[in-house]
Amino acid sequence: MTRALMTESAPIQPDDVRIIRALQIAPRASFAAIAAALGLTEGSVNRRYRRLRADGVIRVAGVVNPGALGQSRWLVRLRCRPGSGPAIADALARRDDVNWVSLGAAGSEVTCATQSRTREQREDLLGQRLPRTAAVLDINAAAMLRQFLGGRGHYWSALQGTLSPQEEAALGSGGPPFTESPVVAREPLHLTPEDEKLFDALAVDGRAGLVDLAAAAGLTPGRVSRRLDALLRHRVLHIDVEIAPAALGYHARAHLLLRVHPSEVKNAGRALAQEPGIAFAAAVSGPWNIHAVAHCRDLDELFEFTSERIGSLAGLQSMEVSPVLRQVKQAGTRLVDDRLVDDRRVGPSGARARR
């Protein structure tokens, strides 16, 4: 990206976008390491990162994967009474077991994804609370069967090409950090009380240093380092680099619901994962067997993208394009006026940003 991109608070410069891409590749890299890879000064990287975070353009946080703990994940669409959608969306966004929420259909449709850590938590939400909500007219819940794109930072490939191959290699890039995988692990990992404290600290700041994480978990820095590596390796945890797409000029977001011939679902999902405009793609249960999320600069680009790129997928039988009226929450972070809002600025660990 060669031109400055404007936000409401300050212009985003090309070096800002390069830093965002560097964090996407290596979210816990020190400012010094990022500066060395990009040919910038450590002070410049530090200042730019803090401004981007303060302006709600990016947020780095640890996110727990319930699938690694043996729990399924669900995508839920709610049809609501006129005027009630925003309140329901906001209520869902306040729940820790719901990690993204969007509002569509002129405010009468809410789409969300569950992140329940236990079966009881999921059944309480899907089987009890939502059905009893008088303003909810209809519920459509689909289980995620296979994830093709997502995970750490959603690794939004729209930023590919921002850095040179040499710069990415200097950051330790071995390719996209997410690969196609089952949604639910066959051998769930059992957590310890120290793990839970570690998760709490990383939810506040995914770049918290080992000393702060050790103090939060009651462990030594060495033990925290080894445990964190194991949790990341087993995909129990990923360090999510949340990006506010509107800050980079992407103002049209949409859910894509695809009906694909069963023999082509894998191929279609893998093809979607290669598209720069796609931030998430998964095979799901129900009449629509693939759910994807697209980011485009405007509705005209969304039309061209869905008609030309998505419409030509082999095996595609039908597609519903559902533009997002307002994104309320993404990957556990709330959005206000298209900017990320850190609801957990101060956590029990008092963790500070990693230097």
Side-chain angles (χ1 to χ4, degrees), residues 5-9 55-59 74-95 98-115 125 129-130 133-142 150 154 156 158 242-258 272 275 277-282 284 286 288 290-307 309-310 318-341 343:
L5 296 164
M6 298 297 295
T7 70
E8 295 179 357
S9 51
D55 288 349
V57 176
I58 61 172
R59 181 171 181 261
W74 293 72
L75 301 175
V76 183
R77 298 178 76 190
L78 307 174
R79 189 168 58 88
C80 309
R81 296 187 185 280
S84 64
I88 292 174
D90 288 337
L92 285 168
R94 287 193 291 270
R95 294 181 61 102
V98 176
N99 73 328
W100 57 257
V101 183
S102 64
L103 193 62
S108 64
E109 182 177 278
V110 176
T111 304
C112 66
T114 67
Q115 194 81 354
L125 176 63
R129 294 186 181 274
L130 288 177
T133 304
V136 174
L137 300 176
D138 184 55
I139 300 176
N140 188 312
H154 295 80
W156 187 21
E242 276 302 296
I243 303 170
L248 300 184
Y250 291 81
H251 298 286
R253 182 190 318 228
H255 295 282
L256 309 182
L257 304 174
L258 281 58
L272 285 169
E275 289 288 345
I278 296 295
F280 168 82
V284 297
W288 305 101
I290 291 182
H291 188 128
V293 177
H295 291 297
C296 296
R297 296 189 180 277
D298 51 40
L299 289 175
D300 185 66
E301 185 176 281
L302 176 64
F303 169 72
E304 295 290 343
F305 176 65
T306 53
S307 59
R309 302 295 300 171
I310 309 302
S318 60
M319 171 173 58
E320 178 182 333
V321 180
S322 179
V324 172
L325 177 67
R326 177 167 66 93
Q327 190 72 23
V328 182
K329 187 179 187 181
Q330 63 181 38
T333 303
R334 291 172 61 85
L335 287 93
V336 177
D337 296 329
D338 291 325
R339 291 297 184 271
L340 301 165
V341 176
D343 288 333

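Along the sequence shown, residues carry numbers from 1.
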Hey, does [Y] have a side-chain heavy atom less than 4.5 Å from the side chain of [X]?
X: Ser318; Y: Trp288; value: yes
X: Ile139; Y: Val76; value: yes
X: Leu256; Y: Val293; value: no
X: Gln115; Y: Val98; value: no
X: Ser102; Y: Arg253; value: no
X: Leu92; Y: Val328; value: no
X: Val284; Y: Trp74; value: no
X: Phe280; Y: Leu75; value: yes

Closest approach of [X] and [Y], non-hydrogen atoms and distance?
X: Val110; Y: Cys80; answer: CG2-SG, 4.0 Å
X: Ala244; Y: Gly56; answer: CB-O, 3.5 Å
X: Arg59; Y: Leu340; answer: N-CD1, 3.7 Å
X: Trp100; Y: His291; answer: CH2-NE2, 4.3 Å
X: Leu272; Y: Ala292; answer: CD1-CB, 4.3 Å
X: Ala134; Y: Arg81; answer: O-NE, 3.2 Å

Derivation of the side chain to side chain contact (heavy atoms under 4.5 Å, CB included) call for Leu78 and Thr133: CA-CA 11 Å; Leu78 307 174; Thr133 304; over 6 Å; no
Got a donor-acceptor contact below 3.5 angstrom from the [X] side chain to the [Y] backbone?
X: Ser322; Y: His255; answer: no
X: Lys329; Y: Arg95; answer: yes
X: Asp337; Y: Arg339; answer: no
X: Gln330; Y: Ile243; answer: yes

To the nearest 0.5 Å, what is the distance between [atom1] on [X] and [atom2] on [Y]?
X: Glu109; Y: Ile88; atom1: CD; atom2: CD1; result: 12.0 Å
X: Thr111; Y: Arg77; atom1: OG1; atom2: CZ; result: 5.5 Å
X: Ile310; Y: Met319; atom1: CD1; atom2: CE; result: 7.0 Å

Verdict with supporting geometry, Ile278 and Phe305, side chain to side chain contact (heavy atoms under 4.5 Å, CB included): CA-CA 10 Å; Ile278 296 295; Phe305 176 65; 3.8 Å; yes
Stepwise side chain to side chain contact (heavy atoms under 4.5 Å, CB included) test for Val136 and Arg79: CA-CA 6 Å; Val136 174; Arg79 189 168 58 88; over 6 Å; no
Step-by-step side chain to side chain contact (heavy atoms under 4.5 Å, CB included) determination, Gln327 to Asp338: CA-CA 7 Å; Gln327 190 72 23; Asp338 291 325; 5.6 Å; no
